[in-house]
Number of protein chains: 2
Amino acid sequence: MTEPKRATIYDVARTAGVSKSLVSLVLRNSPNVSPARRQAVLEAIEQLNYRPSHAAASLAGGSSRTVGVVIDDYTNLWFVELLRGLQDGLSAAGLRIAVSDRTLNAHIASDPLDGFLSTRVEALVLATEPTESMRIPANMPVVVAGNRAMKIPGADVVASDDRAGARQATEHLLSLGHRRIGHLTGGGGASQQRREGYEQAMRAAGLEALVIAPGSATTEETGYRGTQELLTRFPNTTAILAGNDSMAMGALAAARERDLQVPGELSVVGYDASPLAATHLLQLTTVDSLNSEIGAEVAAALLSRLADPAREPVSVRLAPRLIQRRTTAAPGRR
Amino acid sequence: MTEPKRATIYDVARTAGVSKSLVSLVLRNSPNVSPARRQAVLEAIEQLNYRPSHAAASLAGGSSRTVGVVIDDYTNLWFVELLRGLQDGLSAAGLRIAVSDRTLNAHIASDPLDGFLSTRVEALVLATEPTESMRIPANMPVVVAGNRAMKIPGADVVASDDRAGARQATEHLLSLGHRRIGHLTGGGGASQQRREGYEQAMRAAGLEALVIAPGSATTEETGYRGTQELLTRFPNTTAILAGNDSMAMGALAAARERDLQVPGELSVVGYDASPLAATHLLQLTTVDSLNSEIGAEVAAALLSRLADPAREPVSVRLAPRLIQRRTTAAPGRR
DNA sequence: CTGAAAGCGCTTACAG
DNA sequence: CTGAAAGCGCTTACAG
């Protein structure tokens, strides 16, 4: 038995006994179709196992109905909740999401944007630090997710207030009685703002800021190395605010290596409320940057921008909140 | 200044002073093009910022040059290395990858396959447990990555030998002197084979298998709960082989909660060699299932299948190897 | 609602 | 290599 060729819209029309135009209307959920005919078309689609061709629809309609999302690296899981919120907000509008990971693409020396431009994505979501090398077409709608060092002219920005979150986390440690609180920072706009929030809170309390910058990556590895350096230079540190949850995990490792009880002898706070922070092993006090809500707001910004390309860029800022778990307590004897 | 319309292949041809056909040849890297003309075309492309339309190329060429990869869940990071190996193997052949996450899609009640079928993907890679509800077209090339409970007729399978890996890990614990070794298992084909490998090794050593199945998920949570159950039912257990690294992380959490030193009082072995296992905090002894190599073999199977759709299905099995880190040692006093 | 027509931006095959 | 032609499977706009 030879494989039949894939069914086209003509086959569906013939099977349903309607015109090709009517099938197209049903596919795009037009209201001006009688229930009976709609039913006939849907049955024909089911029977023929028909799937409309993206390529043809995109080419003919002049619109791919796809939004490109650029993320940093699959390993840093903050994007998962962002995608969930984004997908929820876009699927009702019939828009789909394509994800591109910069780390993976760097490997094969291909610009993730090239693929998206060939796909003719309707808009771009940047959930990563933009770089000069990203040549974004002037008329491309862009929403930046998260705080970034580089500004994209005309782009909307949706982020939680990293300065306020870091301030809140630092004040939590201060209120527990800590005075020697170190901070682990990294590269990028979010790190910068978190650092500023930490410094503001320390200054307001009349305390010295102890900032360690172990590198631009904000990973378990840099968190580990940064904590080693912090505890070597300032041995009487009693608390650490890490730049994100991955760095906090490294801090916990360094503490264990020095036989420092957490939180008895060293308190540790993360940032992002990633799945990692919620594990039984970490039970990490962290700042929830509301990633799923950021995704929802990104979707809203996207839809309104698509509806009105000329509207002024907006900047949405969400208020983060501290999640207290088991890695923070009053300072012990040290 | 109004935005110019996107450049098309006609614009490139005109700018380069060549025919449209020649531009198409350059785009598809044909060898029958003189260097001078190729250069002229590439300059025109650069100057016009031209990006060929996927949709048009796919429709006209009758081929999307895209492979669809279905993964379980972004949170389980074993897929990252798989994608890397896969991408390396496919990019030279001009094939790109589209990834779909089942967990995310379940959320909006859309079958990930539907999207891929509309995209007219050339082939499917299943890096997840297949289900009956996946209606895969009969003529679609499929490669299954990893050991799965359900067989797909005609599909190639690339996996590491989970039975051998689990056996190796168990023998490692036996050779350290452990006799009471528990195993944490979950759902799916990989879990099943790992369990069998563990049971074989225990039987061969004349020991009783202690298997705990805390649920079908293989997460930190089930690892934690499974270890609680194991240590309650068999309090003198001295070692645990977890179904994967996430479960091992949960085991470490449960051990800490009971004040059991790892590895002094309890040895723990993971599986997958995920990024998690390599962290300073875990330093987990684990089995490397060679995910990047699996990705490379999947790519090879895909290319040969595309070249010869009629060839017999193959089954590639890689030999995993144990990575010893800091969570295993000889049993202590208990 | 139908039906005929044009067109989206490419690839393919072919005569020259 | 060029150039003219057909066609991929849809959407769109329109006359009826």
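Residue numbering restarts at 1 for every chain, and letters A, B, ... go by the order of the sequence lines. None of the values given here were measured: they were computed from a predicted structure.
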If the condition is side-chain hydrogen bond (donor to acceptor under 3.5 Å, both in side chains), which residues does B:T119 pass it with, not counting sequence neighbours? none
For a quick test of reading the model: is some side-chain N or O of B:Y50 closer than 4.0 Å to OP1 or OP2 of C:dC10? yes
Taking atom C1' of C:dG9 as reference, at what distance in whole Å does atom CZ of B:R14 sit? 14 Å
Both A:V23 and B:V23 contact DNA chain D. Which one's nearest nucleotide lies toward the 5' end? B:V23
Is it the case that the side chains of B:T128 and B:R102 hold a donor-acceptor pair, with the cut-off being a distance below 3.5 Å and no angle test? yes
Sequence neighbours excluded, the answer for side chain to side chain contact (heavy atoms under 4.5 Å, CB included) partners of B:L82 is B:W78, B:A127, B:A145, B:I294
Can you tell me which stems involve DNA chain D, if a stem is defined as three or more consecutive Watson-Crick or G-U wobble pairs, both distances under 3.5 Å? C:1-3 with D:14-16, C:5-12 with D:5-12, C:14-16 with D:1-3
Taking for each residue the nucleotide of DNA chain C with the nearest heavy atom, is it B:P52 or B:S21 whose nucleotide lies nearer the 5' end? B:P52
What is the separation between atom CG on A:D11 and atom C1' on D:dC8, rounded to the nearest whole Å? 14 Å
How are the rings of A:Y74 and B:Y74 set relative to one another: parallel (under 30°), tilted (30 to 60°) or perpendicular (over 60°)? parallel
Strand-adjacent residues in residues 54-66 of chain A, judged by heavy atoms under 4.0 Å from DNA chain C: A:L59, A:A60
Taking CG from B:L22 and P from C:dC10, how many angstroms apart are they, rounded to a whole number? 15 Å
For DNA chain C, determine which residues of residues 36-49 of chain B have any heavy atom closer than 4.0 angstrom to one of its atoms, and list them numerically. none
Could you list the residues that satisfy salt bridge (Lys or Arg N to Asp or Glu O under 4.0 Å) with A:D11, not counting sequence neighbours? A:R14
By side-chain hydrogen bond (donor to acceptor under 3.5 Å, both in side chains), which residues pair with A:S24, not counting sequence neighbours? A:R28
Atom-pair distance (CZ on B:R6; P on C:dG9), nearest Å: 10 Å
Spacing of A:K20 atom NZ relative to D:dC14 atom P, expressed in whole Å: 16 Å
Applying side-chain hydrogen bond (donor to acceptor under 3.5 Å, both in side chains) as the test, list every pair that has at least one member in residues 56-69 of chain B; sequence neighbours left out. B:S63-B:E122, B:T66-B:R96
Euclidean distance, atom CD1 of residue B:I9 to atom P of C:dC8 [Å, nearest integer]: 14 Å
Mind checking what makes side chain to side chain contact (heavy atoms under 4.5 Å, CB included) contact with A:A16, not counting sequence neighbours? A:V18, A:A40, A:V41, A:A44
Expressed in angstrom and rounded to an integer, what is the separation of A:L25 atom CG from D:dC10 atom C1'? 13 Å
Given side chains that start at C-beta, do those of B:Y10 and B:T15 come closer than 4.5 Å, heavy atoms only? no
Sequence neighbours left out, what passes side chain to side chain contact (heavy atoms under 4.5 Å, CB included) with A:S315? Give chain and number order. A:V157, A:R317
Reckon A:S19 has a side-chain N or O less than 4.0 Å from the OP1 or OP2 of C:dT2? yes
Does B:Q47 have any side-chain hydrogen bond (donor to acceptor under 3.5 Å, both in side chains) partners at least two apart in sequence or in another chain, and if so, which? none
Find the distance A:R120:CZ to C:dC8:C1' and express it as a whole number of Å. 11 Å
Starting the side chain at C-beta, find the nucleotide from C:dT2, D:dT2, D:dT11 nearest to A:S24. D:dT11
Partners of A:R311 by side chain to side chain contact (heavy atoms under 4.5 Å, CB included), sequence neighbours excluded? A:D156, A:A301, A:S304, A:R305, A:D308, A:V314
